[in-house]
Structure formats: structure tokens, C-alpha cells
Amino acid sequence: MRDAYHEELDSIGEDLVEMARLVGSAIGRATTAMLDADLKLAETVIAADEKVDDLQHDLEARAIALLARQQPVATDLRIVVTSLRMSADLERSGDLAQHVAKLTRLRFPESPVPQDLHATLLEMGQLAQRLMAKSAEVIVTKDVDLALQLEQDDDEMDLLHRTLFQHLMDDRWKHGIETAVDVTLLGRYYERFADHAVSVAKRVVYLVTGEHADEIQPLDAPVDGA
């Protein structure tokens, strides 16, 4: 009975990794579809989000069943509860990738992004995909130091997000209000996607240590007075 219980816990972890990989792929493909005005690719991203939703619903049902049947305590309870929260972060990440794809579909046959911002949005998409890939690695390895690095990596996304707003506020902006709204939304989608990747990593820190990530410093963090 206990072996089956721990196999179920392991299965929940495997599903989290699969969700992270799916949403990481989704944001990468959505970015390509957006920049290339590729309607067919955008539609595949929109349709594929159903698999992420199904995984999340199945994981949630199994986690709740474990809570009811096994009444786990201590570490096992932390695993189940934290897994539920991570699955919610990952499901929302999939929704954000889908939002990018839906905006691409809405503006087809044009790209919603003006040519002079393609490089910035491409960089945001690639960074979002890297952050989620790192989150998937953290789920597998339970590497606390790698998890803590994600918040530092996210600073790059915040910088790119600010860069978009600098373009929007520039007096030389010539692309109109509709495009400005589109770019604002896209910037927010990528920024929030990155936040969810960081949140997943932080939850792994709590799962492993029982402490919140904000209370722990990475090994390479400066020491006061050094």
C-alpha cells in the first residue's frame, strides 16, 4: 500500500515536469507564430493548451484523493500541497502562451508586433522558454541553488519589459493605439509567464527545505560586511 502511495507521489512529480515542458514549448511556438504571423502554428498552440488543462485537472484530482485516503503528514503533505500550487502556476503559464497565440490569430495576416520590436519580443520569448526549462530541471533535480537563481534570471525579463514601455512612451512611436495596446498586452503576458516560472522554482525550495525562498540566500550571494 505504501509503495503504491509513493509511486503516486512520484507520478504527480512527473506530471509537473511534463506540464512545464509543454508550456515551455508553447511559449516558444507562440512567439514564433506571433513574429511570423503564422496562423497555422498559432492554432496548434491554442489547441495544445487543452492537454495542459487536462494534466492539471488530473493531477489535482489525484492529489486530493491522496489527501483524503492517506492523510499525509510532514514532508509528504508538503509535497502534495506544493504540487497543487505548482500545477496551478503551470496551467496559468499555458494560458499565457495561448493568449499570445490568440492575439496572433486576431491580427492575422499581420503580425501584432511592429518590425522594430521583433528583436525585443523574440528575446522575451526565448528567455521565457529558458526560464520554464530551468523550472522543469528544478522540479526533477530539487536543486535549491538552481531554483534560487531563477529570480535573478527574471531580472532580465523585467528589463526587457521596461524596454517595451520605453518604446511605447517615445514621442517617435508611429504605430498607433491598437498596436500599442497589443504590445502592452504581450509584454505583460511574457512578464507574467516568467513570474510563474520563478514561482514554481520557489515552491520547490519550500518543498525541499520547508523554508520560503525569500528566507534563503543562494550560495553565491554576497555576505553582509564582505
Side-chain angles (χ1 to χ4, degrees), residues 4 6-68 79-108 112 121-122 124-142 147 150 154 157 185-186 188-204 207:
H6 285 288
E7 285 175 6
E8 189 68 22
L9 284 178
D10 290 342
S11 175
I12 287 173
E14 290 166 3
D15 281 354
L16 288 171
V17 174
E18 177 67 7
M19 287 180 72
R21 289 174 175 163
L22 286 171
V23 300
S25 172
I27 198 67
R29 290 182 294 116
T31 301
T32 299
M34 171 189 66
L35 297 176
D36 295 348
D38 187 332
L39 179 60
K40 184 176 180 180
L41 183 57
E43 294 287 5
T44 68
V45 174
I46 293 166
D49 188 56
E50 184 176 349
K51 184 174 182 180
V52 175
D53 292 343
D54 288 345
L55 278 169
Q56 199 265 339
H57 295 153
D58 182 61
L59 186 154
E60 186 178 72
R62 286 187 289 124
I64 291 171
L66 278 179
L67 289 172
I79 290 171
V80 176
V81 173
T82 304
S83 295
L84 282 168
R85 291 173 176 169
M86 285 194 285
S87 73
D89 278 313
L90 293 168
E91 189 273 333
R92 290 179 192 130
S93 299
D95 288 345
L96 290 163
Q98 188 183 59
H99 291 340
V100 174
K102 284 183 174 179
L103 185 55
T104 299
R105 181 173 65 184
L106 180 66
R107 300 303 178 209
F108 183 80
L121 268 298
L122 175 61
M124 293 180 84
Q126 291 173 340
L127 178 58
Q129 193 168 7
R130 289 199 304 272
L131 286 168
M132 192 56 73
K134 190 175 284 190
S135 287
E137 184 179 352
V138 166
I139 296 170
V140 172
T141 64
K142 307 295 190 293
L150 257 82
D154 185 47
M157 183 66 81
L185 287 172
L186 289 166
R188 181 62 172 163
Y189 296 155
Y190 285 107
E191 189 262 341
R192 289 298 298 145
F193 187 99
D195 285 347
H196 284 302
V198 172
S199 179
V200 168
K202 284 184 173 182
R203 296 190 195 282
V204 173
L207 188 156

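Ser93 places a side-chain N or O within donor-acceptor distance of the main-chain N or O of Asp89, the cut-off being under 3.5 Å. Looking only at distances, no side-chain donor or acceptor of Ser11 sits under 3.5 Å from a matching main-chain atom of Glu7. For the pair Glu91 (side chain) and Asp53 (backbone), a donor-acceptor distance under 3.5 Å is absent. Remark: the backbone N or O of Leu84 is paired with a side-chain donor or acceptor of Ser87 at under 3.5 angstrom. Not one N or O on the side chain of Ser199 forms a donor-acceptor pair closer than 3.5 Å with the backbone of Asp195.
Taken to the nearest 0.5 Å, the CG atom of Asp15 stands 10.0 Å off from the OG atom of Ser83. One distance of note links CG of Leu121 with CE of Met34; it measures 4.0 Å at 0.5 Å rounding. Considering CD1 of Ile139 and CD of Glu14, their distance stands at 12.0 Å, rounded to 0.5 Å. Arg21 CZ to Leu90 CG: the interatomic distance, rounded to the nearest 0.5 Å, is 12.0 Å. A distance of 10.5 Å separates CD of Glu43 from CG of Asp38, quoted to the nearest 0.5 Å. In this structure, CG on Leu22 lies 13.5 Å from CD1 on Ile27, to the nearest 0.5 angstrom.
A pairwise comparison of heavy atoms in Ala42 and Ala33 identifies N-CB, 3.7 Å as the closest pair. When all heavy atoms are compared, the tightest approach of Ser135 to Ala197 is OG-O, 2.7 Å. When all heavy atoms of Ala201 and Ala147 are compared, the closest pair comes out as O-CB, 3.5 Å. Taking both residues in full, the closest heavy atoms of Arg107 and Pro112 are given as CG-CB, 3.8 Å, listed atom of the first, atom of the second, then distance. Taking each heavy atom of Arg203 and Thr82 in turn, the nearest pair found is O-CG2, 3.3 Å.
Side-chain contact between Tyr190 and Thr31 is present, with at least one heavy-atom pair separated by less than 4.5 Å. Proximity of Met124 to Leu186: side-chain heavy atoms (C-beta onward) are nowhere separated by under 4.5 Å. Here the side chains of Arg130 and Leu127 are in contact, with some heavy-atom distance below 4.5 Å. For the pair Val200/Val138, no side-chain contact is recorded, criterion being any heavy-atom separation below 4.5 Å from C-beta on. Taking 4.5 Å as the limit, some side-chain heavy atom of Lys142 sits within range of a side-chain heavy atom of Leu207. A 4.5 Å side-chain heavy-atom check between Leu131 and Phe193 finds every atom pair outside the cut-off.
A salt bridge links Arg62 to Asp58: at least one charged side-chain nitrogen sits closer than 4.0 Å to a carboxylate oxygen. Taking the charged nitrogens against the carboxylate oxygens, Arg92 and Asp95 have no contact shorter than 4.0 Å, which rules out a salt bridge. Look at Glu191 and Arg188 and you find a salt bridge, because one of the NZ, NE, NH1 or NH2 atoms lies within 4.0 Å of a carboxylate O, short of that distance.
For CZ of Arg85, the number of neighbouring non-hydrogen atoms (other residues, nucleotides, ligands) closer than 6.0 Å is 12 at most.
With sequence neighbours left out, Tyr189 forms a ring-ring contact (aromatic ring centres under 6.0 Å, His included) with His99. Remark: Ala26 pairs with Arg29, Val45, Ala97 by the side chain to side chain contact (heavy atoms under 4.5 Å, CB included) rule, at least two apart or across chains.
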Under the criterion side chain to side chain contact (heavy atoms under 4.5 Å, CB included), I'd like the reasoning laid out for Asp36 against Leu41: C-alpha separation, chi angles, the key distance, then a yes or no.
CA-CA 10 Å; Asp36 295 348; Leu41 183 57; over 6 Å; no
